[in-house]
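Comments concern the structure below.
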Amino acid sequence: MAKALQEITSASSAEYFSKNLQQVGFSSYTKALLTTIKEAVDNALDACEEAGILPEVSVVVERLGEAAAKGADKIRVKVEDNGPGLSVDDVVKVFGEYLASSKFGRGRCTRGQQGIGISAVTTWAQLTNARGVVVITKTAKMRQAVQCLVEVDIKHNKGVLKDKKTVEWDRPNGLSCEFVIDARIQLQGEGGVLVYLNGTSLVNPHLTLRYKILDQEWVEMTRVSEELPLIPPATEPHPHTMKLGEFMAHSHLFGRVKVGAWLKKGFSRISDGVLNELAPHGVKKNILEKSVDAATEDDFKNVFSALQKVKLMAPSTKSVLAIGEESLAKSIQRVGAVDFFSVVSRKPTICDFKPVLVETAVARLSDRGEKGEEETVSLLRFANRVPLQFDKAACAMTKAVQSVNWRTYGLNQPKESLPNGPYIIAISVVSPFIKFKNASKETVDASDELVEEIRRAMIQAGQRLSKHIRREEKEADLEMKRRHIEQFGPILVDGCCRIVKAGKGRREKALEGLAKLLGREAHLAEKELKEAVEHSEKALAELQEKTGILPSSEDTEVGATRRVTRRIMEPEQLSLTGMEQPKKAAKKKKR
C-alpha cells in the first residue's frame, strides 16, 4: 500500500532563518558576538548618514556569567547612537521582522540592504536567552524616550512589542539596543571585536567611536573628518547583470504598469531608443504595451533574450560613494604608529556591468622588529565600508593582492601568497550591487573584472611604496659612506697637517670644512649658540644693573637658546676623539 502523501505546508522567512542562522553569521559563538555588534553598529551608521548627522556610537560588551550552553558565556551587548531614532512602529519592524527594510533593492551604497541582520540578532538572543532586544528610542518630535522589549514571532514573521514605557534619556534623539546572548569573546585575530571596531573607524573617518570591552577602560576614537559623506542617489540594476528568474521577479516590484514603462523605470540605460531596437530581435510592440501582470512567461523570455543581444551603455558610476584619499590618509593614522603610508583612490569604473569604486591604503608600521619582516602582512577588507573578517582566502580582495608581484616593490612574498613584512594593506570596495558569497556578507565574489580592478589599485600603491623604499636604501647607503669618511677623514686631515707642518688654526678650519662637506654641522651650530648665550647673558646682566629687574630665562631669547642647544643631538656631532688619537700615538712613538 502506498503511503499517504503528507500535507505540504509553507514556512515564514523568520522560521527559515531561525533554523539556519549559520547563514547570516551565527555559525559559532565567536561569530555570534561579532555579528551582533556589527549589525547594530552598521544600522546606527546608516541611520546617522541618511539623517545628515555626524555619528557618535558607543559599544559596551559585558560578561554576565556562564551560559547554559557548553563553551559559551552569557554576554550583554549594548550599542547606542545619536541618530534620528525610530518610531515605536518602526522599532517593531526593524528589530522583529525579517526583510523589513527601507533600503531593500534600492541600489544604494548603504551597509544594510535586506533587513535580515538585526532581526537575526534578535532571534539569536531569543533562542539562547529567551528574551529579545531591549530598545530605547527617541526622535526629535518625542517629548520623552520610549523603552520597550521586542521579540520575533517566528511563526508569522512579525515583531512583538512588550513592556513599553516612557523613560528619561539624556539626549535629544538617538537609539539604544541591548542584547543578552550566548557568545564567546575574542578580541584580536580573524574574528576579533577590536579588529572590527578599529577597521570600522578606519573607513569611517567621520565617526566618533567609544567602546568598553569587559573590564577594560573606555576607549574613544575621535573623528578625523568633519565632512559627512553624501550618499549618492539610488541607481537601478543593469539588465545584463540579471538572470531570467531575477528579471521576472523584478517586474512585480513596480505594480500594474506596462512592460515598456517597467523596463525604463526599473533598469538603468533603457530608453525609448533601446525599446525600438528590440523589435528586430522578436519583441513585438504589443508585448511592450501589455501590463506586467498580464505578460506571460514566454513574453518575459523574449524581452530578456532581446535585451541581452542589444548593445547597452554601461551603467552610471555616479551612484558609488568614495571615502576620499584625504580622509583615508587621516584615518590611517588611527590604526597605529606608521612611518609610511600610500593611499590610492581609483576612479569609479564598471565591473560585470555594475558601478564599482576601489580604494586602497598601504601603511608600514614604525614599530617593526626582526620578526615583523617574516610575518604575513595584515590585510583589512571592506565592502561598502563594513569590515570583512571571515573566509579571507575566497575573497576577491585577497586574490587580487596575491596576484601582484610584491617582490618588484621591495617586499618578500612566498609563491601565490600574501607578502610578508610589517605592513597593513587596506582595501575598500564600494558598490550599490556588491555580490557576496553568502547572506552573512563575509566575503566578496571574485569575478575576473573586479579582481583586475583591485589589482591595478594595489600596483599603484606598490609603486609609491617601492619609490619610498628605494629612497630609504639610497639614504642608508649615503649615510654609511658619510660615516666611513667621518671615521677616516679626521685621521687624513691630521696626517696632512703633520706632513705640511700646518698650524692649529689651519687644522681646525680643515675639520670645519670636512664637517660642512659631510653635513655634520651640529657642533658648529652648538658653538654659535654658545656664543649667543654668552652674549645674551651679558646683555641681561647689564639690563639688571640699570633696572634691577631680570626677566624669567624661559621667557627670553636666552631660555630659547638654551632649549635649542639641549635639543641638538650629540650623535650627529663630529667627534674630536678620533682626531686626537693619531696625535697621541705619534707622541708615544717619539718618546
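In this chain, residues are counted from 1 in sequence order.
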On a heavy-atom basis, which atom in [X] and which in [Y] lie closest, and how many Å separate them?
X	Y	answer
Gly199	Phe382	O-CE2, 3.2 Å
Cys351	Glu453	SG-CB, 4.0 Å
Lys347	Leu357	C-CD1, 3.9 Å
Ala393	Lys399	O-CE, 3.9 Å
Val444	Ala383	CG2-CB, 4.1 Å
Ser447	Asp352	OG-OD2, 2.5 Å

query = Quick one: side-chain contact (heavy atoms from CB on, under 4.5 Å) partners of Glu227, sequence neighbours excluded?
reply =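 Testing Glu227 for side-chain contact (heavy atoms from CB on, under 4.5 Å), a comparison that skips the adjacent residues, returns Ser225.
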Taking [X] for the side chain and [Y] for the main chain, is one N or O donor matched with an acceptor at less than 3.5 Å?
X	Y	result
Thr35	Phe26	no
Asn173	Gly83	yes
Lys138	Pro172	yes
Arg346	Thr360	no
Asp391	Thr443	no
Thr122	Glu151	no
Glu178	Arg76	no
His281	Val303	no
Asp445	Lys435	no
Arg210	Glu56	no

Pairwise side-chain contact, [X] with [Y], heavy-atom cut-off 4.5 Å (strictly under):
X	Y	value
Pro387	Val195	no
Glu449	Thr349	no
Ile37	Phe179	no
Leu275	Ile270	yes
Leu34	Phe390	yes
Asn204	Glu49	yes
Gln402	Leu418	yes
Arg381	Ile427	no

[atom1] of [X] to [atom2] of [Y]: how many Å apart, nearest 0.5 Å?
X	Y	atom1	atom2	answer
Ile323	Glu359	CD1	CD	5.0 Å
Glu50	Leu228	CD	CG	11.0 Å
Gln147	Asp163	CD	CG	8.5 Å
Ile136	Glu80	CD1	CD	7.0 Å
Ser119	Gln126	OG	CD	11.0 Å
Asp90	Leu175	CG	CG	11.0 Å

request  = Given side chain to side chain contact (heavy atoms under 4.5 Å, CB included), test Leu263 with Leu288 step by step and report yes or no.
outcome  = CA-CA 9 Å; Leu263 291 175; Leu288 300 178; 4.1 Å; yes
query = More than 12 foreign heavy atoms under 6.0 Å from CG of Asn276: is that the case here?
reply =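 More than 12 within 6.0 Å, yes.
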inquiry  = Show, in sequence, the C-alpha distance, side-chain angles and deciding distance for Arg385 and Asp42, and conclude whether the salt bridge (charged side-chain N to carboxylate O under 4.0 Å, His left out) test is met.
reply    = CA-CA 9 Å; Arg385 298 174 295 155; Asp42 288 353; over 6 Å; no
ask   = Between Val121 and Val133, does a side chain to side chain contact (heavy atoms under 4.5 Å, CB included) hold up when you go through it step by step?
value = CA-CA 9 Å; Val121 176; Val133 54; over 6 Å; no
message = Run the side chain to side chain contact (heavy atoms under 4.5 Å, CB included) test on Tyr211 and Val60 for me, step by step, so that the C-alpha distance in whole Å, both residues' side-chain angles and the decisive distance to 0.1 Å come before the verdict.
response = CA-CA 6 Å; Tyr211 61 85; Val60 177; over 6 Å; no
Test ring pair (Phe, Tyr, Trp, His ring centres under 6.0 Å) applied to Phe304 - qualifying residues, sequence neighbours left out =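 Only Phe247 meet the ring pair (Phe, Tyr, Trp, His ring centres under 6.0 Å) criterion with Phe304.
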task = Please collect all salt bridge (Lys or Arg N to Asp or Glu O under 4.0 Å) contacts where either partner lies in residues 292-308, sequence neighbours excluded, each pair once.
result =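 For residues 292-308, and leaving out neighbouring residues, the salt bridge (Lys or Arg N to Asp or Glu O under 4.0 Å) pairs sorted by first residue read Arg256-Asp293, Lys290-Asp299, Glu297-Lys301.
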query = So is Lys38 actually on top of Tyr196's ring, under 6.0 Å and inside 45° of the axis?
reply =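 So Lys38 doesn't make the cation-pi contact.
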query = Can you check side chain to side chain contact (heavy atoms under 4.5 Å, CB included) on Leu278 and Ile287, steps first, answer last?
reply = CA-CA 11 Å; Leu278 298 180; Ile287 295 178; over 6 Å; no
